[in-house]
Enquirer: 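Encoded as structure tokens, here's the structure I'll be asking about.
All residue numbers refer to positions in the sequence shown, counting from 1.
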Amino acid sequence: MKPITSQLKQIKPLKLRYQLIIMGVIFLLAFLICLVYQAPASKVLAKIDLPKGVYLEGVSGRAVDGGAKVLHVDKYEYNNIRWSTSLIGLLTGTYTLKFADPKGLTGKTDISYQNGDVNVSGLHLGISIPNFLRYTKYNLPVDVTGNISLSISNAVFSASRCKKMVSGNIDLTGLDVSTPLGNFALGDGVLSMSCRNGLFIAKLKQENPYFSIDGNLEYDMKERLYRVKAFAKPSPAKGAEIRSLLQMMGQPNSTGTFEINYQGKFTY
């Protein structure tokens with residue numbers, strides 16, 4: 001049996017060797033992390049297989065904190081894109097996107113790409129109603145003001161289809177209509193959103209001082225087509241004041257309820 005002093009002499013070199021290996025691994029990881037953090041976004045994106053129809057123009061900055069002049073998603077274009085992420089985000093492919101498009105659309109979301117699908121969470125978009133109407137090809141003979149904000153807690157979609165949505169809302173705030181016959185403050189409204197057969201579906205049920213409305217809006221991402229089907233019933237107190245406005249959007253049935261059917265193409 002070897003003396004204890006001899007055994008201790010053998011342990012010390014082994015311990016030192018393991019310490020050197022651990023220090024080497026830590027140094028290598030730190031170097032790789034630093035390398036990734038400093039990597040130019042353009043070079044990293046060149047090695048990533050983005051979904052079909054998705055590409056960026058004018059890329060600048062780093063992989064963890066950069067931007068692009070234009071994000072193309074199939075037939076859509078979004079300008080002034082900024083992104084940021086962390087080390088965990090790099091490993092999982094999760095980024096935070098922010099954008100302020102000159103066309104009036106602003107937004108923020110956490111986004112990841114997996115198996116050909118885009119996953120978004122905490123999505124918030126905002127645009128004024130006048131800017132929104134510019135891209136619907138729906139010319140109203142009245143002036144409409146107010147704001148639209150869209151919030152989605154979690155959703156999965158491709159470049160052309162809505163696949164899954166946990167919950168989502170479209171909030172209409174400060175809706176005001178100005179006509180030659182007067183101004184109508186229609187207040188606020190909330191549309192609940194979902195996905196069905198690849199389409200975005202938004203349901204609206206609201207009452208204001210002039211009428212109650214119940215209807216659906218469908219949107220096809222691939223064809224960029226939208227369809228509105230709704231029923232608006234004038235209120236007994238102020239219905240006569242709004243009747244001429246409702247007649248611009250539909251015709252009344254035997255019960256006095258206006259049926260609104262309209263479809264068009266979104267050109268944003």
Enquirer: Should the ring pair Phe266 and Tyr219 be called parallel, tilted or perpendicular, given that the plane angle runs from 0 to 90° and is split at 30 and 60?
Expert: perpendicular
Enquirer: Look only at the side chain of Glu207 and the backbone of Ser235, and say whether a donor-acceptor pair between them is shorter than 3.5 Å.
Expert: no
Enquirer: If the plane angle is over 60° it's perpendicular, under 30° parallel, otherwise tilted; pick one for Tyr210 and Phe184.
Expert: perpendicular
Enquirer: Decide whether Leu150 and Val190 are clustered together by the hydrophobic rule: side chain heavy atoms of Ile, Leu, Val, Met, Phe, Trp, Tyr closer than 4.5 Å, transitively.
Expert: no
Enquirer: By the ring-ring contact (aromatic ring centres under 6.0 Å, His included) test, which pairs, at least two apart or in different chains, include something from residues 231-261?
Expert: none
Enquirer: Rounded at 0.5 Å granularity, tell me how far CG in Asn80 sits from NZ in Lys69.
Expert: 9.5 Å
Enquirer: Is the backbone N or O of Ser153 less than 3.5 Å from a side-chain atom of Ser121, with the two atoms forming a donor-acceptor pair by type?
Expert: no
Enquirer: At what distance, to the nearest 0.5 angstrom, does NZ of Lys108 lie from CG of Leu125?
Expert: 13.0 Å
Enquirer: Determine whether Ile152 and Ser167 make a side-chain contact, defined as any pair of heavy atoms from C-beta on separated by less than 4.5 Å.
Expert: no
Enquirer: Looking at NZ of Lys203 and CG of Asp214, how far apart are the two atoms once the value is rounded to the nearest 0.5 Å?
Expert: 8.5 Å
Enquirer: Between Leu133 and Val177, is there a shared hydrophobic cluster once you connect ILVMFWY residues whose side-chain heavy atoms come closer than 4.5 Å?
Expert: yes
Enquirer: Any salt bridge (charged side-chain N to carboxylate O under 4.0 Å, His left out) pairs touching residues 164-191, not counting sequence neighbours?
Expert: none
